Amino acid sequence: MLNTLGIHHISAMVNDAQRNIDFYAGVLGLRLIKKTINFDRPEVYHLYFGNETGEPGTAITFFPWAKQLKGRIGTGQVGVTSYSIPKGSSLFWEQRLKKFHIEYTITNRFDETYLRFDDPDGLHLELVEREEGPFNPWSFGEIHSENAIKGFNGAVLYSAQPHKTADVLENVLGLDCIGQKQEFLRFKSKAHIGNTIDIHLKPSVRGLMGAGTVHHIAWRAKDEQEHQRWRALLLEKGFYPTEILDRNYFKALYFHEGGGILFEIATDSPGFTIDEPVDDLGRKLMLPSWLEPKREELEEVLPDVKVRILEGDE
Ligand code: ZN
């Protein structure tokens with residue numbers, strides 16, 4: 001039986017690249033680990049934010065495109081992206097959100113407390129304290145490892161067919177179903193981050209893809225050999241996985257699960273240091289070899305963006 005270790009990355013659509021960087025790097029203190037382009041649409045950035053090295057289970061990625069119509073968060077999508085923060089750091093984060101005038105609410109699931117807020121495009125995010133998982137050594141401005149986001153805690157899935165999604169999580173991805181509380185069904189994987197997946201059993205509206213929504217969630221495969229076994233398993237179970245695609249930093253395949261959510265399976269290797277050293281991650285526009293001849297042309301159409309320290313209010 002194959003078991004995924006949990007979330008590899010989550011990819012979402014937004015409107016503005018600089019605003020996206022200001023929020024995920026500037027406010028949340030994640031590291032911009034890769035500045036590249038959408039391999040299928042090279043005139044659009046593909047930005048990756050994660051912990052210091054962008055380990056699997058920490059990377060959120062965005063396709064910022066100004067003309068993208070606004071979507072609607074609902075069924076057939078990842079509804080909430082959940083981040084893990086160190087024990088005792090909630091107060092730091094409440095103060096930080098206040099400093100940047102970000103409204104938040106405090107919610108409860110499975111007897112745990114979540115700080116819930118939206119990013120500037122409306123994506124639902126939350127922070128939860130977790131003992132497990134290594135500290136993130138990346139420091140940015142006032143955010144140091146004792147408070148820094150460690151990586152994903154997990155995600156809340158808004159499925160159109162919760163029982164079908166539950167079946168995929170348990171019987172295809174090999175996660176453990178650990179129980180139901182109120183309208184949430186919880187699954188766990190064995191990794192220390194990206195390991196807690198909740199299915200919301202009563203999500204409201206139907207989701208519409210567009211800016212401010214998650215495009216897909218990717219699950220971890222150990223290596224290329226295991227990746228091929230995942231593909232064979234999906235075919236055997238009656239899904240329609242894509243061919244295996246080379247995403248430079250990992251190999252990827254995609255399929256729609258029964259509840260309408262686009263799932264990807266991605267390999268842990270080679271990772272984000274394949275084309276630039278750890279110290280330089282995210283500084284330069286990285287292009288796959290087949291687009292390198294078009295660098296000048298692309299640099300001209302892509303907006304200038306940079307990671308910057310934001311002041312906020314004292
Ligand atoms: Zn992906």
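Numbering of ligands and ligand atoms starts at 1, following listing order. Everything quoted here is computed from the prediction, not taken from an experiment.
Taking 4.0 Å as the cut-off between side-chain N and carboxylate O, E43 and R41 count as a salt-bridged pair. Salt bridge status for E131 with K87: absent, with no side-chain N to carboxylate O gap under 4.0 Å.
Under the 6.0 Å distance and 45° angle rule, R109 counts as a cation-pi partner of Y114. Geometrically, K150 does not engage Y83 in a cation-pi contact, judged by NZ or CZ lying under 6.0 Å from the ring centre and within 45° of the ring axis.
Taking the ring centroids of Y48 and F272, they lie under the 6.0 Å cut-off.
Looking at Q77, its side chain does come within 3.5 Å of a backbone N or O of R72 through a donor-acceptor pair.
Listed by chain and number, the protein N, O or S atoms at a distance under 2.8 Å from the Zn ion (ligand 1) are H9 NE2, H216 NE2, E264 OE1.
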